[in-house]
Asks: 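This is the structure, below, for whatever I ask next.
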Amino acid sequence: MKIAVLAVQGAFEEHEKVLQRLGAETIQLRQAKDLEQDFDGLVLPGGESTVQGKLLKELGMFDTLKEKIQNGLPVLATCAGLILLAEHIAGDDTVHFGTMPITVKRNAYGRQLGSFHQADGLFEGIGTFPMEFIRAPYVESVSDGVEVLSAVDDRIVGVRYQNQMGVAFHPELVDDDRIHALFLQQI
Ligand code: GLN
């Protein structure tokens, strides 16, 4: 199985390591020609969604990737990646791919909890998972058809919509491969 990891900015190498540990082959998406290869799934890593969105367009990858996602390519999106998928960003007119009918709130934990925190949260199909949040978003609302996979302190931090799975935390940074394993299983 071959998984493409968006590699323009952010924590993409960590995702590759986990996927390789689980036996998947990985390729990096850095420029438009990387999209000419076949792959079975896509990982959108954490980082800075504004920068990633801008680079995707400048590097000529945006339209092709959006089309692939809309056509059913399995996606695992973490943190900034989840923001890229969201149809709405609270208090902001920016839309990146907009393929998942949810509203996300960026940097949602800023004032209350500091920009970094950890929690053991329950995740559908997995159980307790060690979640690391770094300037993380949360999902403010979901439309019909979106499955809530995890909520921590009444905030939605894991969702699935058709071929797209998104989490607000960083499963690639902890010593627990179960979120990635679940993603690979579903492909
Ligand atoms: N705050 C970042 C954003 O808005 C997301 C942070 C992350 O990916 N760790 O894009």
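One-based numbering, in listed order, for ligands and for the atoms of each. Quick caveat, the model's predicted, so the values are computed rather than measured.
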Asks: Could you check whether any side-chain heavy atom of V5 comes within less than 4.5 Å of a side-chain heavy atom of Q28, counting everything from C-beta outward?
Replies: no
Asks: Please list the nearest protein heavy atom to atom 4 (O) of ligand 1 with its residue and the distance rounded to 0.1 Å.
Replies: R106 NE, 2.6 Å
Asks: Mind checking whether E48 contacts ligand 1 via backbone (N, CA, C, O), side chain (CB onward), both or neither, at a 4.0 Å heavy-atom cut-off?
Replies: both
Asks: Under a plain distance cut-off of 3.5 Å, with no hydrogens placed, do E140 and T103 share a side-chain donor-acceptor pair?
Replies: no
Asks: Against heavy atoms of G46, which atoms of ligand 1 measure under 4.0 Å?
Replies: 8 (O)
Asks: With a cut-off of 4.0 Å, which atoms of ligand 1 are near a heavy atom of I83?
Replies: 3 (C), 4 (O), 10 (O)
Asks: What atoms of ligand 1 come closer than 4.0 angstrom to any heavy atom of S49?
Replies: 3 (C), 4 (O), 10 (O)
Asks: For a quick test of reading the model, state the closest non-hydrogen atom pair linking I83 to S49 and the distance between them.
Replies: CG2-OG, 3.5 Å
Asks: What atoms of ligand 1 come closer than 4.0 angstrom to any heavy atom of G47?
Replies: 2 (C), 5 (C), 6 (C), 7 (C), 8 (O), 10 (O)
Asks: Taking all atoms of both residues into account, what is the closest heavy-atom pair of R30 and V8, and its distance?
Replies: O-CG1, 4.2 Å
Asks: Which heavy-atom pair separates C79 from A168 by the least distance, and what is that distance?
Replies: SG-O, 3.5 Å
Asks: Verify the neighbour count for atom CG of N71: are there more than 12 heavy atoms of other residues, nucleotides or ligands below 6.0 Å?
Replies: yes
Asks: Check for me whether K66 meets the cation-pi criterion with F97, that is, NZ or CZ under 6.0 Å from the six-membered ring centre and within 45 degrees of the ring axis.
Replies: no
Asks: Compute the minimum heavy-atom distance from H170 to ligand 1 and say whether it is under 4.0 Å.
Replies: yes
Asks: Considering non-hydrogen atoms of the protein only, which is the closest contact for atom 1 (N) of ligand 1, and what is the distance?
Replies: N107 OD1, 2.6 Å
Asks: Among all protein non-hydrogen atoms, which one is nearest to atom 7 (C) of ligand 1, and what is the separation to 0.1 Å?
Replies: C79 SG, 2.7 Å
Asks: Compute the shortest N/O to N/O distance between P137 and ligand 1 and return yes if it is under 3.5 Å, no if not.
Replies: no
Asks: Which heavy atom in T128 sits nearest to a heavy atom in R178, and how many Å separate them?
Replies: O-NH2, 2.7 Å
Asks: Do any nitrogen or oxygen atoms of T50 come within less than 3.5 Å of a nitrogen or oxygen of ligand 1?
Replies: no
